[in-house]
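In listed order, ligands and their atoms are each counted from 1.
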Amino acid sequence: MKVGVIGMGAMGTGMARNLHKAGLLAAVWNRTPEKARAIADELGAVAAVDPASLARECDAIITCVSRDEDVLAVMDAMAGGLSAGKTVVDTSTVAVDTAKQSAAKLAAANVEFLDAPVSGGKEGAQSGQLVFMIGGDADTVERLRPAFDAMGKSATHMGEVGSGQATKAVNQIMVAGINQGVTEALAFGQASGLDMDKVIEVVGGGAAGNWFLQMRGPTMVKGTFEPGFKLGLHHKDLTICRHMLDTMNVALPIVEMTLKHYERLMAAGHGDEDISALYRDKRQLFRGGNKKSL
Ligand code: NAP
């Protein structure tokens with residue numbers, strides 16, 4: 001199986017490297033060509049001139065781009081190179097409806113589509129430890145299992161097209177709650193004058209331990225917010241969740257509060273920082289001494 005990857009960002013780069021290790025990577029493409037050329041040179045893969053050329057060369061095409069409109073644009077840009085028997089796997093986080101639209105566009109050319117968003121962060125993409133949640137045909141998932149195994153530690157079929165993205169929405173609401181909890185608690189610890197390296201180690205070894213505390217705690221308390229996962233992208237995910245919740249006539253406190261906090265940080269120019277930049281806000285609460293702040 002020849003696999004191509006479209007989108008050499010924080011996530012796609014790691015996926016391409018691990019596909020290469022498994023002997024599956026044939027080609028890469030990126031909108032900003034320099035990034036694709038650098039990875040292609042490093043791995044001895046082809047840097048395709050456009051998405052259609054990449055699609056022509058590959059049996060399976062993994063896409064990992066930012067937002068809904070970017071996914072749909074890439075689906076259109078691949079069209080000239082797609083033909084029956086090929087499979088497109090979108091690993092971006094987008095709306096259920098975008099997954100369904102992508103599948104419909106490709107079905108016209110007899111091309112299979114899987115929505116396969118991931119969890120595990122940049123580190124998981126680099127180490128081949130991603131968790132895939134997949135919507136689409138179950139047999140297609142099995143056919144592509146060698147590629148999923150190369151990039152991740154699990155790949156679970158959730159149901160029809162869109163169910164991968166619906167599962168990812170659950171994940172993203174949980175990530176918002178974890179970010180709120182960890183940033184708030186660590187800002188409190190720092191304001192209490194504790195040795196924060198020790199706090200993170202001790203608390204992380206108990207029932208409150210979690211991936212985000214372990215990976216981002218040490219950097220956030222030092223005021224470093226290198227992505228990771230861009231705050232602006234998590235804002236995009238929570239906006240998707242809010243739209244899903246609107247159809248249920250529900251407003252969830254964690255979603256609403258986190259969107260509000262992220263919007264404040266984005267307006268202050270922090271949208272391209274890691275989501276742990278929420279710590280900026282929490283730290284400020286202790287400096288401002290505002291008892292009513294939310
Ligand atoms: P990133 O580092 O910002 O990279 C985004 C990639 O998308 C870049 O390669 C960019 O190309 C490309 N892109 C954006 N718009 C495009 C368009 N219109 N046409 C073609 N390419 C386009 O983002 P990331 O962190 O890798 O995230 C990618 C996706 O995975 C997002 O949907 C994100 O929500 C999701 N995700 C991220 C994480 C994480 O921890 N980072 C975890 C799980 C899921 P350029 O280089 O030209 O800008």
Side-chain angles (χ1 to χ4, degrees), residues 4-18 28-40 47-55 61-79 88-96 98-99 102 115-134 151-155 164-165 167-176 178-179 211-212 214-216 219 225-241 262 266 270-277:
V5 182
I6 288 184
M8 292 294 104
M11 300 300 285
T13 305
M15 293 183 205
R17 287 200 177 101
N18 286 314
V28 295
W29 181 82
N30 194 65
R31 178 179 59 179
T32 308
E34 294 74 29
K35 291 190 203 168
R37 251 180 253 126
I39 295 290
V49 289
D50 54 35
S53 317
L54 180 139
I61 302 103
I62 314 274
T63 56
C64 190
V65 295
S66 306
R67 297 165 187 278
D68 296 69
E69 59 270 27
D70 306 320
V71 169
L72 294 172
V74 163
M75 296 300 149
D76 287 338
M78 275 190 289
V88 174
V89 180
D90 181 42
T91 62
S92 322
T93 304
V94 292
V96 169
T98 301
S102 301
D115 55 303
V118 296
S119 174
K122 185 181 172 182
E123 289 83 354
Q126 282 169 349
S127 62
Q129 293 293 302
L130 290 171
V131 169
F132 288 88
M133 36 207 102
I134 311 173
M151 297 183 285
K153 63 179 175 187
S154 72
Q165 294 296 353
T167 309
K168 177 72 183 185
V170 175
N171 188 82
Q172 294 313 79
I173 294 173
M174 216 175 283
V175 167
I178 292 166
N179 193 8
W211 184 95
F212 186 69
Q214 196 189 337
M215 305 305 285
R216 304 286 179 254
T219 45
F225 309 108
E226 184 93 10
F229 180 32
K230 287 177 188 159
L231 190 144
L233 289 180
H234 195 204
H235 178 272
K236 170 257 304 176
D237 300 348
L238 292 176
T239 305
I240 291 169
C241 296
Y262 282 179
M266 287 157 71
H270 302 301
D272 279 343
E273 292 183 342
D274 187 72
I275 60 167
S276 54

Without placing hydrogens or testing angles, list every side-chain donor-acceptor pair under 3.5 Å for residues 67-77, not counting sequence neighbours.
| from | atom 1 | to | atom 2 | distance (Å) |
| --- | --- | --- | --- | --- |
| Asp68 | OD2 | Ala95 | N | 2.8 |
| Asp68 | OD2 | Thr98 | OG1 | 2.5 |
| Asp70 | OD2 | Arg67 | N | 2.9 |
| Asp76 | OD1 | Lys105 | NZ | 2.9 |
| Asp76 | OD2 | Lys105 | NZ | 3.3 |

Considering only heavy atoms from C-beta outward, does the side chain of Thr93 approach that of Lys236 to under 4.5 Å?
yes
Less than 4.0 angstrom from a charged side-chain N to a carboxylate O is my criterion; do Glu226 and Arg216 meet it?
no
Pairwise, report which nitrogen or oxygen atoms of ligand 1 are under 3.5 angstrom from protein nitrogen or oxygen atoms, and how far apart they are.
| from | atom 1 | to | atom 2 | distance (Å) |
| --- | --- | --- | --- | --- |
| ligand 1 | 2 (O) | Ala10 | N | 2.9 |
| ligand 1 | 3 (O) | Lys230 | NZ | 2.7 |
| ligand 1 | 9 (O) | Met8 | N | 3.3 |
| ligand 1 | 9 (O) | Gly9 | N | 3.3 |
| ligand 1 | 9 (O) | Asn30 | OD1 | 2.7 |
| ligand 1 | 15 (N) | Arg31 | NH1 | 3.3 |
| ligand 1 | 15 (N) | Asp70 | OD1 | 3.4 |
| ligand 1 | 15 (N) | Asp70 | OD2 | 3.4 |
| ligand 1 | 18 (N) | Asp70 | OD1 | 2.9 |
| ligand 1 | 26 (O) | Ala10 | N | 3.1 |
| ligand 1 | 26 (O) | Met11 | N | 2.9 |
| ligand 1 | 32 (O) | Val65 | O | 3.1 |
| ligand 1 | 32 (O) | Ser66 | O | 2.8 |
| ligand 1 | 32 (O) | Thr93 | N | 3.0 |
| ligand 1 | 32 (O) | Lys236 | NZ | 3.1 |
| ligand 1 | 34 (O) | Lys236 | NZ | 2.8 |
| ligand 1 | 41 (N) | Gly228 | O | 3.1 |
| ligand 1 | 46 (O) | Asn30 | ND2 | 2.9 |
| ligand 1 | 46 (O) | Lys35 | NZ | 2.5 |
| ligand 1 | 47 (O) | Arg31 | NE | 3.1 |
| ligand 1 | 47 (O) | Thr32 | N | 3.0 |
| ligand 1 | 47 (O) | Thr32 | OG1 | 2.5 |
| ligand 1 | 48 (O) | Arg31 | NH2 | 2.9 |

Heavy atoms of Val5 and Gly12 approach each other most closely as CG1-O, 3.9 Å
Find out whether Pro227 and Lys122 are in side-chain contact, i.e. whether some heavy atom of one side chain is under 4.5 Å from a heavy atom of the other.
no
How far apart are the C-alpha atoms of Thr91 and Phe132, what are their side-chain angles, what is the distance that settles it, and do they pass the side-chain contact (heavy atoms from CB on, under 4.5 Å) test?
CA-CA 8 Å; Thr91 62; Phe132 288 88; 4.0 Å; yes
